[in-house]
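Let me begin by presenting the structure, written as structure tokens, before commenting on it.
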Number of protein chains: 2
Amino acid sequence: MKDLDIREKADLLRLLGHPTRLLILEELARGVKCVTDIRDLLDIPQPNVSQHLAVLRQARLVDFYEDGQLRCYYLLRPALVAALLEFLGGEYPVVKRDREDVRREGRLREQERGVAPACEA
Amino acid sequence: MKDLDIREKADLLRLLGHPTRLLILEELARGVKCVTDIRDLLDIPQPNVSQHLAVLRQARLVDFYEDGQLRCYYLLRPALVAALLEFLGGEYPVVKRDREDVRREGRLREQERGVAPACEA
DNA sequence: GGATCATATTCGAATATTTGCATACTACCC
DNA sequence: GGGTAGTATGCAAATATTCGAATATGATCC
């Protein structure tokens, strides 16, 4: 079961990992847009837009309602996209470590919680 | 410049979007591990582990120090992985909408900020 | 009916990714 | 030196993804 869960998460990340789809989601985060709007904003062929929207739809990230002959797309889970954009906008400092760092922390953890230090020969 | 930025973000998400790599990151979030540890935990061939670690290394997500003949891998940007796992663990409710919802919100926005409602014929 | 607009789908070619396998490398022990 | 443990790399096959082109659908207008 955990494996299935992991696969779902990986699938989500992989499908989010496409520049065009990210841009579409960013645009939809600004407001509802129809296919032609997106085509004009991103300047890519309409079938390509439809293809990416189909992927996002299958993943239940977007949906649409019809307004005349227009299909107005919107974020089906806006909080998900908001969290994604926040994640992508974050700053994540690099923390280099060596054997001594980990040994010290290992001792600390050991004292606190009785956990053995990792990766000892 | 913004396009480059988007491509980098997409690359990051795509490379995170692989079940094995996600599992490796989850394990490393629990503590430092060497290649053999990971091989045993995930039960996959060692060259495969090394390949995924190489991908994660190139993305500057992990690094290692040497301890004798072991290479002890750790998260190079632990806050990034923590944010990722939090994002993946979140609950994101579905919000269905129709033309009337958006029309109402459009009017609200229009009054507040003078913005025209989206997706009108 | 024919033309046009908005959108979706299908298909094929190009490309990228993933994996398994074989092998190479290095450090250590005897 | 030879053997072994830990790790990395190169390569080929299988698989998946992406894009463009062509085509299809359905609504609207003349």
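These numbers come from a predicted model, not from an experiment. Below, each value reflects all heavy atoms present in this structure, side chains not excepted, and no hydrogens, waters or symmetry copies. In what follows, every chain begins at residue 1, and chains take the letters A, B, ... in the order their sequences are listed.
Rounded to whole angstrom, the span from the CD1 atom of A:Ile44 across to the C1' atom of C:dA8 amounts to 15 Å. Distance, A:Leu56 CG to C:dT7 P: 16 Å, rounded to whole Å. The OH-P distance, from B:Tyr65 to D:dG6, rounds to 16 Å in whole Å. Put simply, CG on B:Asp11 is 12 Å from P on C:dA16, counting in whole angstrom units. C:dT17 atom C1' lies 16 Å from atom CG of A:Leu13, rounded to whole Å. Remark: C1' of D:dG6 and CD1 of B:Ile38 are 13 Å apart, rounded to the nearest angstrom. Distance B:Phe64 CZ to D:dT7 P: 10 Å, rounded to the nearest Å. At whole-Å resolution of the value, CD in B:Glu66 and P in C:dT26 are 12 Å apart.
Under the ring pair (Phe, Tyr, Trp, His ring centres under 6.0 Å) criterion, A:Tyr74 pairs with no residue at all, not counting sequence neighbours. Evaluation of the side chain to side chain donor-acceptor pair (under 3.5 Å) rule for A:Arg57 yields A:Tyr73 as partners, not counting sequence neighbours. Residues that satisfy the side chain to side chain donor-acceptor pair (under 3.5 Å) test with A:Asp11, not counting sequence neighbours, are A:Arg14. For A:Asp40, there are no salt bridge (charged side-chain N to carboxylate O under 4.0 Å, His left out) partners at least two apart in sequence or on another chain. Checked against side chain to side chain donor-acceptor pair (under 3.5 Å), B:Glu86 has no partners two or more places apart in sequence or in another chain.
Look at A:Tyr73 and you'll find a side-chain N or O under 4.0 angstrom from OP1 or OP2 of C:dA8. Taking 4.0 angstrom as the limit, B:Arg57 places a side-chain polar atom (N or O) nearer than this to OP1 or OP2 of D:dT9. At D:dA8, one or more side-chain N or O atoms of B:Arg71 fall inside 4.0 Å of OP1 or OP2 (strictly under the cut-off).
For B:Ser50, taking side-chain heavy atoms from C-beta onward, the closest of the listed nucleotides C:dT7, D:dT9, D:dG6 is D:dT9.
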For nucleotides 12-30 of chain D, 5' to 3', base contacts (B), sugar-phosphate-only contacts (S) and non-contacts (-) with protein non-hydrogen atoms under 4.0 Å give -----SSBB-B--------

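Scanning DNA chain C for stems, defined as runs of 3 or more consecutive Watson-Crick or G-U wobble pairs whose donor-acceptor distances all fall under 3.5 Å, gives the following ranges: C:1-30 with D:1-30.
For residues 7-28 of chain A, the ring pair (Phe, Tyr, Trp, His ring centres under 6.0 Å) pairs, not counting sequence neighbours, are A:His18-A:His52.
The distance from the CG atom of A:Leu53 to the NZ atom of A:Lys33 is 12.0 Å, given to the nearest 0.5 Å.
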With a cut-off of 3.5 Å and sequence neighbours excluded, list every side-chain donor-acceptor pair involving residues 88-95 of chain A.
unit_1  : atom_1 : unit_2  : atom_2 : d
A:Tyr92 : OH     : A:Phe87 : O      : 2.7

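When atom types are taken as modelled, the side chain of B:Asp101 and the backbone of B:Asp98 share a donor-acceptor pair closer than 3.5 angstrom.
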